[in-house]
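Down below is the structure, laid out as structure tokens.
Hydrogens, waters and symmetry mates are skipped; everything else that's a heavy atom, side chains included, is used.
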Amino acid sequence: MDHEEIRDSILDILKELHEDIDFESEEKMVDDKILDSFDLVTLVTELSEEFSVDITARDFIAENFNSVDSLTDMIARLMDE
């Protein structure tokens, strides 16, 4: 799965959470509280299932969840591990 496919899948998951938000333009989804704690738990579960990765406490930092691109980078890195 390439970077673009990962990004598209992540966007689909995010849109299921909140279809009214333009996630492509958001750069601070966690810092600006666009995603709340329930959203983050749901997102981690969905990402783990979709990409067969383990998102650990070490990965659970705002920088990894603030944008679609940072999420894509994290998932790509976890898939390579």
Contact list for residues 24-73, test ring-ring contact (aromatic ring centres under 6.0 Å, His included), sequence neighbours left out: F60-F65
side-chain contact (heavy atoms from CB on, under 4.5 Å) involving D8 - partner list, sequence neighbours excluded: E4
Any pair counted as side-chain hydrogen bond (donor to acceptor under 3.5 Å, both in side chains), so long as it reaches residues 35-44, sequence neighbours left out: H18-D39
Residues that E49 engages under side-chain contact (heavy atoms from CB on, under 4.5 Å), provided they are two or more places apart: T45
For D12, all residues meeting side-chain contact (heavy atoms from CB on, under 4.5 Å), sequence neighbours excluded: none
Contacts of F23 that satisfy ring-ring contact (aromatic ring centres under 6.0 Å, His included) - sequence neighbours left out: none
Side-chain donor-acceptor contacts of residues 73-81 below 3.5 Å, not counting sequence neighbours, with atom names and distances?
residue	atom	partner	partner atom	Å
D73	OD1	H3	NE2	2.9
R77	NH1	E81	OE2	3.3
R77	NH2	D59	OD1	3.2

With E27 via salt bridge (Lys or Arg N to Asp or Glu O under 4.0 Å) - residues at least two apart: none
Those residues that, when tested against S70, pass side-chain hydrogen bond (donor to acceptor under 3.5 Å, both in side chains) (two or more places apart): S67
Residues that S9 engages under side-chain hydrogen bond (donor to acceptor under 3.5 Å, both in side chains), provided they are two or more places apart: none
Results of side-chain contact (heavy atoms from CB on, under 4.5 Å) for E26 - residues two or more places apart only: I21, M29, I34
Those residues that, when tested against N64, pass side-chain hydrogen bond (donor to acceptor under 3.5 Å, both in side chains) (two or more places apart): none
